[in-house]
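Notes for the one structure printed next.
Computation of the quantities below employed the complete heavy-atom set of this structure, encompassing side-chain atoms and omitting hydrogens, waters and symmetry-equivalent molecules.
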Amino acid sequence: FHWGKGATIEGSVSGLLTDELMLILMKNITGIDNATIWNFDGTSTENVTFLHNATSDESLTLTFAYNGVGATGFDDCVKVPGCVITSLTITGDPNEDGGRMKFDASWISRTPIAIGSTYASSATSFTAYRETYVYLGDYGYNTKVDNADVLLKSFSMTIDNPVVFGGFGG
């Protein structure tokens, strides 16, 4: 693996959506903190600029860690800090995966990766499996349109977040 100044690292992650992941992913792609309802009117000025590798919460950057075998002598685990979600798709169908909603997120980073034998999880990581899945059929804030209850046959929403890196970074 070769990483040079100015190089970007891109990847994707997908899975079943939980209440916890919904908040982390939406916070990162929108920059809106501590919300359970998001309003999009095209005038957001959140996350316009931020410094490379600066200390931040999930609304600015995320760190993705991919654990391999993780045993001594196996440097097959990769941690990518400074990730910004560039595209987030949330889908749901009551006839698939028991009605649980799914997500697919693409991310990009310009921060050098770390390679090691294992990485510990933290409270803001994706490592803890939960059973608080988001179901398409939930009659709550998950299936409201303009504050009205709706019965959806299927659902798909994509939010794009174009990212441009300036300078040399890294």
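The structure places CE of Met26 at 8.0 Å from CD1 of Ile29, a figure rounded to the nearest 0.5 Å. To the nearest 0.5 Å, the span separating CG on Leu62 from NZ on Lys27 amounts to 9.5 Å. One distance of note links CD1 of Ile159 with CE of Met157; it measures 4.0 Å at 0.5 Å rounding.
For the pair Phe155 and Met101, the tightest heavy-atom approach, listed with the atom from each and the gap, is CD2-CE, 3.5 Å. Counting all heavy atoms, side chain and backbone alike, Asp104 lies closest to Ser12 at OD1-CB, 4.5 Å. When every heavy atom of Phe103 is checked against every heavy atom of Val13, the shortest pair comes out as CE1-O, 3.8 Å. In plain terms, the two heavy atoms of Ala7 and Arg110 that are nearest each other are O-CG, 3.3 Å.
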Subject >> Step-by-step side-chain contact (heavy atoms from CB on, under 4.5 Å) determination, Asn28 to Trp107 >> reply: CA-CA 10 Å; Asn28 183 261; Trp107 53 263; over 6 Å; no
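Using a 4.5 Å heavy-atom threshold, the side chains of Leu17 and Arg100 count as separate.
Asp93 places a side-chain N or O within donor-acceptor distance of the main-chain N or O of Asn95, the cut-off being under 3.5 Å.
Here Glu96 pairs with Lys102 under the salt bridge (Lys or Arg N to Asp or Glu O under 4.0 Å) rule; sequence neighbours left out.
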For residues 83-90, run the donor-acceptor check on the side chains, cut-off 3.5 Å, and write out each pair with its distance to 0.1 Å, sequence neighbours left out.
| residue | atom | partner | partner atom | Å |
| --- | --- | --- | --- | --- |
| Thr86 | OG1 | Ser106 | O | 3.2 |
| Ser87 | OG | Asp160 | OD1 | 3.2 |
| Thr89 | OG1 | Thr158 | OG1 | 3.0 |

